[in-house]
4 protein chains.
Amino acid sequence: MNYSDNRPIYKQITDYFCNQILQHKWSPEDRIPSVREIAVKMEVNPNTAIRAFHDLQDKDILYNQRGVGYFVAEHAHEKVKQMKREEFINEKLPGFFRDMKQLGFSCKELEELYDKSKK
Amino acid sequence: MNYSDNRPIYKQITDYFCNQILQHKWSPEDRIPSVREIAVKMEVNPNTAIRAFHDLQDKDILYNQRGVGYFVAEHAHEKVKQMKREEFINEKLPGFFRDMKQLGFSCKELEELYDKSKK
Amino acid sequence: MNYSDNRPIYKQITDYFCNQILQHKWSPEDRIPSVREIAVKMEVNPNTAIRAFHDLQDKDILYNQRGVGYFVAEHAHEKVKQMKREEFINEKLPGFFRDMKQLGFSCKELEELYDKSKK
Amino acid sequence: MNYSDNRPIYKQITDYFCNQILQHKWSPEDRIPSVREIAVKMEVNPNTAIRAFHDLQDKDILYNQRGVGYFVAEHAHEKVKQMKREEFINEKLPGFFRDMKQLGFSCKELEELYDKSKK
DNA sequence: GTGGTCTAGACCACC
DNA sequence: GTGGTCTAGACCACA
């Protein structure tokens, strides 16, 4: 687990889960690793891991079967994608555009940097 | 002051200061408003305002004359500009481009949103 | 077996048993299906099924003949009925009525929903 | 805090909050007691209290101001009411109707008990 | 002072 | 074995 990352750990875990789903590594109805497995693998307290599970359960991206484990919900892929896009547009873009204006960055410059970053 | 902004309040104030400098509204050796004036104007706790002054003092963008007030340091404009650009390119762009790719955002879409945000 | 039901699995099984008795499908001295049969039929872990048998044995609704199987006890029907009515009136109704008042549910509305649920 | 209640403690706290709002004791924009105050008052660990705050924040019934405290959100009353009605209809009524059928309770009997409970 | 996050460890219900 | 809840106590950022 990356402690120097500014994001809280539980958020890093939910992002990891979302990525697995976005990349189709985890599909609907798949049983995902248990709380304890994740906690051990990520070297994190189980309570911290649980928080990530709960977060995604609240958003209907995971569901739970008593005594069995957590599973990927139906349409999880679409939900994750939409959620991430909204997050991006609402939470990241405004600050990003503000910075661009402040620093006199044009869209054109940005595009050039973007093309470079692809290579 | 914008409490729904995700950035901490003191950061919003330093950004405001930097903006004033970037836009040449405040020039080297200018005396800037006092902590109290800023606190009142921005409807903010004076402790929070103080933190913003200290931050920029640490970065040699402001300097302090005891009993007199805060002043814009020499070369403040260049320092701010360089600092902000570095921050932007090194800390924000990589994550930003990663998100764009992952979510299938094109530069074109981005540009449209940017034009909208201007209005 | 209904995993999305909020009640624990073993409780769903005891309820099923009680229902069979209430509806006179199972009568005193009848031998009821074995633990294994129930487990297979309900697609449930045998340990979970065993727990249901034990629960009703504790309440003298079932009895066990070693090596033979489980049987419906005498007066099981009366016991079940009384037990369930008491449970319902004492444990469920008070909270239920409190909720109705708090949310402004009338008996009429309730009746409509009840009629719908029958279909 | 009622430990003999079957519901988890954090749920009892969210229900307390919802009741305050339903009864107009807390109105939009009101600052509600701090996490620590609630924890002390309810004789509960602050972490447990925090969980209740987060639950209602996720549902846009409370909102947070950094370093200041929690506030009742706009339209909290309507949201709480709707949420509680949905909970009632989706989670409580099905089991309730199932019990009624199983025990041969009619709507009329229920109504009589309801009228009695009012007195 | 406010809330946010994390850990370690306990105990419980359920499968 | 699974997850769910709770406690006690630490440390941090922010106002």
Side-chain angles (χ1 to χ4, degrees), chain A residues 1 3 5-13 31-39 42-55 57 62-71, chain B residues 1 3 5-14 39 42-52 54-55, chain C residues 1 3 5-13 39 42-52 55, chain D residues 1 3 5-13 31-39 42-55 57 62-71:
Chain A
M1 193 41 44
Y3 284 89
D5 190 327
N6 268 332
R7 290 171 307 161
I9 296 187
Y10 75 86
K11 203 94 180 71
Q12 295 180 45
I13 300 177
R31 184 176 172 284
I32 69 175
S34 76
V35 171
R36 286 164 176 87
E37 283 168 335
I38 290 288
M42 305 228 169
E43 294 178 306
V44 139
N45 185 293
N47 276 324
T48 305
I50 278 186
R51 179 154 182 192
F53 284 82
H54 283 176
D55 264 31
Q57 189 177 27
L62 299 181
Y63 68 91
N64 178 262
Q65 241 172 258
R66 233 196 320 262
V68 181
Y70 275 90
F71 297 78
Chain B
M1 193 42 44
Y3 281 91
D5 189 325
N6 269 328
R7 290 172 304 160
I9 305 288
Y10 80 92
K11 200 96 178 71
Q12 295 180 46
I13 301 176
T14 59
M42 304 219 169
E43 293 177 309
V44 140
N45 186 307
N47 281 325
T48 307
I50 284 178
R51 178 155 183 189
H54 284 177
D55 254 41
Chain C
M1 191 43 44
Y3 282 91
D5 189 327
N6 267 330
R7 293 171 305 159
I9 306 286
Y10 79 92
K11 198 96 178 70
Q12 295 180 45
I13 301 176
M42 304 222 170
E43 294 178 308
V44 140
N45 187 307
N47 280 325
T48 306
I50 284 179
R51 177 155 183 189
D55 254 40
Chain D
M1 194 42 43
Y3 284 89
D5 190 327
N6 268 332
R7 291 170 306 161
I9 295 186
Y10 76 86
K11 202 98 179 67
Q12 296 180 44
I13 300 177
R31 185 177 170 282
I32 70 175
S34 75
V35 171
R36 286 163 175 86
E37 282 169 335
I38 290 288
M42 306 227 169
E43 294 177 306
V44 138
N45 186 294
N47 276 325
T48 306
I50 278 185
R51 180 154 180 192
F53 283 82
H54 283 176
D55 264 33
Q57 189 177 28
L62 299 181
Y63 69 90
N64 180 262
Q65 239 174 259
R66 234 196 319 262
V68 182
Y70 276 90
F71 297 78

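For the numbers below, each heavy atom of this structure counts, side chains included, while hydrogens, waters and symmetry mates do not. So that the names make sense, note that chain A is the first sequence line, chain B the second, and so on, each numbered from 1.
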On DNA chain F, which is the earliest and which the latest nucleotide, 5' to 3', with an atom closer than 4.0 Å to a heavy atom of chain D? F:dT5 to F:dA15
Considering only distance and modelled atom types, tabulate donor-acceptor pairs under 3.5 Å from the side chains of residues 44-54 of chain A, sequence neighbours left out.
unit_1  : atom_1 : unit_2  : atom_2 : d
A:Asn45 : OD1    : A:Asn47 : N      : 2.7
A:Arg51 : NH2    : A:Tyr10 : OH     : 3.4

Measure from CG on C:Asp55 to P on E:dA13 and round the result to the nearest Å. 13 Å
In terms of the nearest nucleotide of DNA chain F, which residue is placed more toward the 5' end: D:Val44 or B:Thr48? D:Val44
Considering all heavy atoms of both residues, which atom of C:Gln12 and which atom of C:Arg7 are nearest to each other, and what is their separation? NE2-O, 2.9 Å
Could you tell me the separation between the CD1 atom of D:Ile9 and the CD atom of D:Glu43, rounded to the nearest 0.5 Å? 10.5 Å
Map A:Arg7 and C:Asn47 onto DNA chain E by nearest heavy atom, then report which one ends up closer to the 5' terminus. A:Arg7
For a quick test of reading the model, state the closest non-hydrogen atom pair linking A:Arg31 to A:Val68 and the distance between them. NE-O, 3.2 Å
Requiring both pairing distances under 3.5 angstrom, list the stems that contain DNA chain E and are made of three or more consecutive Watson-Crick or G-U pairs. E:1-14 with F:1-14
Once you apply a heavy-atom cut-off of 4.0 Å, does D:Arg36 come out as touching a base, just sugar-phosphate, or nothing? base
With nearest nucleotides of DNA chain E determined for A:Tyr10 and A:Gly67 from heavy-atom distances, which residue corresponds to the more 5′ nucleotide? A:Tyr10
Taking NZ from C:Lys11 and P from E:dC14, how many angstroms apart are they, rounded to a whole number? 10 Å
Position toward the 5' end of DNA chain F (nearest nucleotide), D:Pro46 or B:Ile9: D:Pro46
Nearest 0.5 Å, please: how far is CG in A:Asp55 from CD1 in A:Ile13? 10.0 Å
Closest heavy-atom pair, B:Asp5 versus D:Arg66, reported as atoms and distance to 0.1 Å, is O-NH2, 3.6 Å
